[in-house]
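In what follows, chains carry the letters A, B, and so on, assigned in the order in which the sequence lines appear, proteins first and then strands, with residues in each chain numbered from 1.
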Number of protein chains: 2
Amino acid sequence: MTSRTNLDALYGALADPTRRSIIERLGRGDATVAELREPHAMSAPAISKHLRVLEAAGLLERRAAGRHRICRLRRERLVHARRWLHEQTEFWESTLDALGDHLDEEPTR
Amino acid sequence: MTSRTNLDALYGALADPTRRSIIERLGRGDATVAELREPHAMSAPAISKHLRVLEAAGLLERRAAGRHRICRLRRERLVHARRWLHEQTEFWESTLDALGDHLDEEPTR
């Protein structure tokens, strides 16, 4: 997966309220598919489809635990998505900071 | 626009390499539509469509300047998109930090 398709899949996965809510839930701890489905008025296939999108974006991992499958959030992928946004805003913020410092130093006339 | 559709539109707008490249370009300064189109092998309607998606997400503003229209990036919207990602990762990062501190303090046996 190139970095480009990487970010396409990541931001695409985040562009949905159900998927963001699943991410928020997994942020508090691992969960079964049934647990993830519980707060949503959605069919099992509909939730499964969202989980597959999250998986394809590298945001979710599943492992077998007895008869259940446990889902885990791959937080490092959220950090990766945050990084590009950070890069786009840090130059601007540092410029604003520098401007602020400059104005602070400006002698009053 | 509710916060929910807000983030849907924002992350949806970011899920495309051409639109991210336009954002990167506008991060270096305002530009005309022709300037934004220049690095992309794309028709004017194709670029316009991307600009409309960015506009709908609140990421882009246009103003008239003589015969041209100048595009400006609304960086505060990138900051908004970053915030949700930050919220999802900061708890985890603070937990990792706390764990690190705990391990540092652990007496050697």
Seminar exercise, completed: For B/Arg75 and A/Thr89 the tightest heavy-atom approach is O-CG2, 4.3 Å

Exercise. How close do B/Gly12 and A/Ala15 get, heavy atom to heavy atom, and via which atoms?
Worked result: N-CB, 3.4 Å

Problem set entry | Smallest separation among heavy atoms of B/Tyr11 and A/Leu14, with atom names | CD1-O, 3.5 Å

Exercise. Out of curiosity, A/Arg83 CZ to B/Arg82 CZ, how far, rounded to the nearest 0.5 Å?
Worked result: 13.0 Å

Problem set entry | Path from B/Ile70 to B/Leu36 over hydrophobic side-chain contacts below 4.5 Å | no

For this session: Examine A/Val53 and A/Leu10 and state if one hydrophobic cluster contains both, with Ile, Leu, Val, Met, Phe, Trp and Tyr joined whenever side-chain heavy atoms are less than 4.5 Å apart.
Result: no

Seminar exercise, completed: CD1 (B/Ile23) and CD (A/Glu87) are apart, to the nearest 0.5 Å, by 13.0 Å

Problem set entry | A/Gln88 CD to B/Glu24 CD distance, which is reported to the nearest 0.5 Å | 4.5 Å

For this session: Measure the shortest side-chain to side-chain distance between B/Trp84 and A/Leu85 over non-hydrogen atoms and say whether it is less than 4.5 angstrom.
Result: no

